[in-house]
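Just below is one structure, and these are the notes that go with it.
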Number of protein chains: 2
Amino acid sequence: MPTHYQGDPQIASALDVWVKLTRAVDSIASRLSARGTTGSLTITQFGVLEVLYHLGPMPQCELAGKLLKSSGNITLVVDNLEKRGLVRRVADEHDRRISRVELTPAGLALIEEIFPKHAQAVAEEFSVLTPQEQHQLGDLLRKLGKRGG
Amino acid sequence: MPTHYQGDPQIASALDVWVKLTRAVDSIASRLSARGTTGSLTITQFGVLEVLYHLGPMPQCELAGKLLKSSGNITLVVDNLEKRGLVRRVADEHDRRISRVELTPAGLALIEEIFPKHAQAVAEEFSVLTPQEQHQLGDLLRKLGKRGG
DNA sequence: TCTAAATTATTCAACATCAAACGATTGGAA
DNA sequence: TTCCAATCGTTTGATGTTGAATAATTTAGA
C-alpha cells in the first residue's frame, strides 16, 4: 500500500518499511494459518501450548509476559483450552493468588503432534532467505525491538 | 523467547527469526499505541481513515483488500466510524451492491491532525536503523512477503 | 503487629476478527 | 430472455484483545 507521504524523506522511508514489516508478518501468518499447521487451535491457543511445552508449567501472569498479552486475555484463552481438556489449572501451594497452568496428557499429545509440522512450515516460509540473510534480518529486528517496549 | 528446538538447524533458525519478527512488530506497535498517536482510534479505525485519506473514497470490499481484513470485519469497523461521524456510506449509482465509504469533514479533519504525528512517531522508532539498513530490511521483507499470500 | 502497597486472577464493556451463511444484485451463458 | 454463478455487504457465533475495576492474597514497611 503506497502511503503517498509527501514530506521528510526520513519519514517516508520509515512509513514504507513499517508498512512492509506489518504486511510481511500478516502475509506469512495467513499462509501458515492456511496450511493448517496449528490444527484446530487459534494462534494464541497454539502459543500457550507451545510455551508450556517448551518451558514447562507456569503461572498465568508469566504466560501473559511470554506471549505479550493481557492477563484478562490469558484467563479467557486458558478457559477455552481447559474446556477442551488440553491444559489444567493447579493451585500453587505457597502462594494462593497463583494458579499454575500445565499441559494435560491430551494437550501434550496434541502439541507434540503439531509443533514439528508448524516448525517445518515456518522453515519453508523462510527458505526464500539464505542463512546469512536470516541472520541479517534477525540483527535488524533486534535493533528495532530493543527499545524498552 | 527461546524456542529450544533441538532439530534441524535450518528449522531452528527459521523459528528464531519468525519469533523475532512477530515480537518486533508487537513491540513497535505497542510503543506507537502507548504514544497515543492514533488519538482515540483503534488501529483498524486509524487504518481505514488513513487509506481513505490517501487513496480517496472506495467500496468496502476494496477497503478490506487494502487492510487485509475480512468483509465482515470492515462492516463493523465502518459502522463504528459512522456512529462517530468520521466516515459516511454512499450508495453506488451504477451497482447497487456497492456502498462506497468516504471521509466526512470531521473524519478528514481528524486524520489530517493525527497522521503527521503518527508518521513522526514511526520515523522515530525506525531512527535506530540507518537509511541503508532500512533499505536492507525492506528488501528482506519483500522477499518474505512475496509468496502469493 | 498492623497497615498500606503490590501482585494475581477474574470480570466486564467495548471493539476486533474470522468463517460461514445469507440476501440482494449483477453479469454472462444457454 | 432466463437462469446460474459470482460479487457485495450484512449478520451470526465463536474467539481474541484491551483496559479498567474488583477481590483475594502476599509482601514490605512503620
Side-chain angles (χ1 to χ4, degrees), chain A residues 22 25-27 29-36 38-49 57-84 86-102 149, chain B residues 22 25-27 29-36 38-49 57-84 86-102 149:
Chain A
T22 53
V25 168
D26 277 354
S27 175
S30 106
R31 289 199 298 267
L32 288 174
S33 165
R35 284 170 174 240
T38 55
S40 60
L41 300 173
T42 67
I43 305 290
T44 309
Q45 288 173 345
F46 179 85
V48 168
L49 295 194
M58 64 179 67
Q60 291 184 198
C61 62
E62 203 175 325
L63 218 35
K66 298 287 181 196
L67 298 170
L68 303 179
K69 307 290 179 180
S70 70
S71 61
N73 186 10
I74 295 299
T75 294
L76 177 69
V77 175
V78 170
D79 277 352
N80 287 331
L81 286 171
E82 206 170 28
K83 278 180 201 159
R84 294 176 57 176
L86 299 175
V87 304
R88 177 167 41 209
R89 282 182 170 95
V90 179
D92 188 291
E93 303 164 3
H94 304 300
D95 188 337
R96 284 190 292 176
R97 290 171 303 183
I98 293 176
S99 76
R100 198 168 294 276
V101 185
E102 61 180 38
Chain B
T22 53
V25 169
D26 277 353
S27 176
S30 105
R31 288 200 299 267
L32 287 175
S33 167
R35 284 171 174 241
T38 56
S40 59
L41 300 172
T42 66
I43 304 290
T44 309
Q45 288 173 344
F46 178 84
V48 169
L49 294 193
M58 65 179 66
Q60 292 186 198
C61 61
E62 204 174 325
L63 218 35
K66 298 286 182 197
L67 298 169
L68 304 178
K69 306 291 178 180
S70 70
S71 62
N73 186 9
I74 295 299
T75 293
L76 177 69
V77 175
V78 170
D79 277 353
N80 288 330
L81 286 172
E82 207 170 27
K83 279 180 201 159
R84 294 178 56 177
L86 299 174
V87 304
R88 174 167 45 210
R89 282 182 170 95
V90 180
D92 188 290
E93 303 165 0
H94 303 299
D95 189 337
R96 284 190 293 176
R97 290 171 303 183
I98 293 177
S99 76
R100 200 168 292 275
V101 185
E102 61 180 36

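Numbered from 1 within each chain, the chains take letters A, B, ... in sequence-line order.
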Distance-minimising heavy-atom pair for B:Gln60 and B:Val78 = OE1-CG1, 4.4 Å
query = In whole angstroms, how far is the P atom of C:dG27 from the CG atom of B:Asp92?
reply = 10 Å
ask   = Roughly how many Å is it from CG in B:Leu68 to C1' in C:dC18, rounded to a whole number?
value = 14 Å
query = A:Thr42 side chain N/O closer than 4.0 Å to the phosphate oxygens (OP1, OP2) of D:dG16?
reply = yes
message = Base, sugar-phosphate or nothing for A:Ser70? Non-hydrogen atoms, less than 4.0 Å.
response = base
key: Euclidean distance, atom CD of residue A:Glu82 to atom C1' of C:dA9 [Å, nearest integer]   = 13 Å
key: Contact check, side chains of A:Gln45 and A:Ser40, non-hydrogen atoms, under 4.5 Å   = no
task = Mind checking salt bridge (Lys or Arg N to Asp or Glu O under 4.0 Å) for A:Arg97 and listing every partner two or more places apart, or none if nothing turns up?
result = A:Asp95
Side chain to side chain donor-acceptor pair (under 3.5 Å) partners of A:Glu62, counting only residues at least two apart = none
inquiry  = Below the 4.0 Å mark, does C:dA16 have OP1 or OP2 next to a side-chain nitrogen or oxygen of B:Asn80?
reply    = yes
inquiry  = Output the rounded distance in Å from CD (B:Gln45) to C1' (C:dA14).
reply    = 11 Å
ask   = So, is B:Thr44 near the phosphate of C:dT17, with a side-chain N or O under 4.0 Å from OP1 or OP2?
value = yes
Residue pairs passing the salt bridge (Lys or Arg N to Asp or Glu O under 4.0 Å) test where at least one lies in residues 68-81 of chain A, sequence neighbours excluded = A:Asp79-A:Arg89
ask   = Tell me: CZ of A:Arg96 to P of C:dA6, nearest whole Å?
value = 22 Å
Annotated protein contacts, base or backbone, on nucleotides 2-12 of chain D with a non-hydrogen cut-off under 4.0 Å, one of B, S, - each = ----BBSSBB-
inquiry  = Between P on C:dC15 and NZ on B:Lys69, what's the gap in Å once rounded to a whole number?
reply    = 17 Å
request  = Applying side-chain contact (heavy atoms from CB on, under 4.5 Å), name anything that partners B:Ser33, two or more places apart in sequence or on another chain.
outcome  = none
task = Assign each of A:Ser33 and B:Val77 to its nearest nucleotide of DNA chain C by heavy atoms, then name whichever residue's nucleotide is nearer the 5' end.
result = B:Val77
query = For B:Thr44, what residues pass the side chain to side chain donor-acceptor pair (under 3.5 Å) criterion, not counting sequence neighbours?
reply = none
